[in-house]
Amino acid sequence: MLRINRGSTQSITYTLPFPAERLEEAYITIVQDEGMVIEKQLEDMTIDGNQISVKLTQKETLNLKSDSGGAVQFRYRDINGDADRTEPLLFSVGMLLKDGEI
């Protein structure tokens with residue numbers, strides 16, 4: 001299970017079965033309590049070969065509730081028009097004693 005720490009600038013990385021440059025559109029969506037908390041688009045992501053990653057900001061991770069888990073999913077469409085998604089990955093949220101950005 002993935003752990004996202006509140007107040008961190010954590011990265012989330014996915015490994016694709018093809019070169020990530022073939023992506024035409026992509027989203028990484030993070031939900032908690034059945035509502036979307038964070039959504040990142042392709043222009044927010046970093047591509048390295050067949051890996052794609054996104055770095056969350058402190059502000060974004062501070063929006064997560066430490067008393068509740070959640071799920072993250074990667075969804076994409078490639079240059080051929082083929083679309084797919086990953087299985088949702090469950091995560092827990094690490095508690096933060098002093099709230100706010102530093």
Side-chain angles (χ1 to χ4, degrees):
M1 178 183 284
L2 175 66
R3 182 175 183 88
I4 299 176
N5 294 314
R6 291 189 72 240
S8 71
T9 55
Q10 189 164 337
S11 293
I12 298 173
T13 302
Y14 286 94
T15 301
L16 304 174
F18 55 83
E21 295 84 26
R22 292 184 52 207
L23 293 174
E24 190 167 272
E25 192 162 358
Y27 300 94
I28 291 178
T29 305
I30 297 175
V31 297
Q32 262 191 321
D33 300 329
E34 299 181 27
M36 183 176 59
V37 179
I38 302 167
E39 183 171 86
K40 296 288 198 170
Q41 298 180 13
L42 185 58
E43 55 266 16
D44 303 317
M45 300 175 199
T46 302
I47 293 173
D48 184 15
N50 67 333
Q51 291 191 328
I52 191 154
S53 62
V54 66
K55 189 172 193 175
L56 304 177
T57 66
Q58 285 187 64
K59 185 175 182 177
E60 289 168 331
T61 60
L62 286 167
N63 286 329
L64 299 172
K65 299 176 194 171
S66 60
D67 60 347
S68 178
V72 59
Q73 185 176 49
F74 177 66
R75 186 172 177 209
Y76 66 86
R77 185 180 74 239
D78 69 15
I79 57 175
N80 296 324
D82 296 327
D84 205 354
R85 49 85 178 150
T86 63
E87 288 296 320
L89 176 62
L90 300 179
F91 66 85
S92 62
V93 179
M95 185 173 63
L96 182 64
L97 297 180
K98 180 172 175 21
D99 212 12
E101 292 183 54
I102 59 171

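- Both Val72 and Val37 are part of a single hydrophobic cluster, where members link through side-chain heavy atoms under 4.5 Å apart.
- Looking only at distances, no side-chain donor or acceptor of Asn80 sits under 3.5 Å from a matching main-chain atom of Asp82.
- Distance alone, capped at 3.5 Å, places no donor-acceptor pair between the Glu39 side chain and the Tyr27 backbone.
- Here the shortest heavy-atom pairing between Asp33 and Ser68 reads OD1-OG, 2.9 Å.
- Residue pairs that meet the salt bridge (Lys or Arg N to Asp or Glu O under 4.0 Å) test with at least one member in residues 47-58, sequence neighbours left out, do not exist here.
- Nearest heavy atom pair, residue Glu60 against residue Lys40, reads OE2-NZ, 3.0 Å.
- Within the 4.5 Å cutoff, no side-chain heavy atoms of Ile28 are placed close to those of Asp44.
- Under the rule for a side-chain hydrogen bond (donor to acceptor under 3.5 Å, both in side chains), the partners of Gln51 that lie at least two apart in sequence or sit in another chain are Thr15.
- Residue Ile47 holds its CD1 atom at 6.0 Å from CD of Glu21, rounded to the nearest 0.5 Å.
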side-chain contact (heavy atoms from CB on, under 4.5 Å) evaluation trace for Thr29 with Arg75: CA-CA 8 Å; Thr29 305; Arg75 186 172 177 209; over 6 Å; no
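- Ser8 places a side-chain N or O within donor-acceptor distance of the main-chain N or O of Asn5, the cut-off being under 3.5 Å.
- Considering only heavy atoms from C-beta on, Leu16 comes within 4.5 Å of Leu23 through its side chain.
- Side-chain heavy atoms closer than 4.5 Å link hydrophobic residues (I, L, V, M, F, W, Y) into clusters, and following such links, possibly through other members, connects Met45 to Leu2.
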Only pairs under 3.5 Å count here: list side-chain donor-acceptor contacts from residues 85-102, not counting sequence neighbours, and write none if there are none.
| residue | atom | partner | partner atom | Å |
| --- | --- | --- | --- | --- |
| Arg85 | NH1 | Glu87 | OE2 | 2.7 |
| Thr86 | OG1 | Phe74 | N | 3.1 |
| Asp99 | OD1 | Arg6 | NH1 | 3.4 |
| Asp99 | OD1 | Arg6 | NH2 | 3.0 |

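- Within the 4.5 Å cutoff, no side-chain heavy atoms of Asn63 are placed close to those of Ile38.
- Summarising the local packing, CZ of Arg22 is surrounded by more than 12 heavy atoms from other residues, nucleotides or ligands at distances under 6.0 Å.
- Panel note: side chain Gln10, backbone Arg3; a donor-acceptor pair is recorded below 3.5 Å.
- Aromatic ring centres of Tyr76 and Phe18 lie closer together than 6.0 Å.
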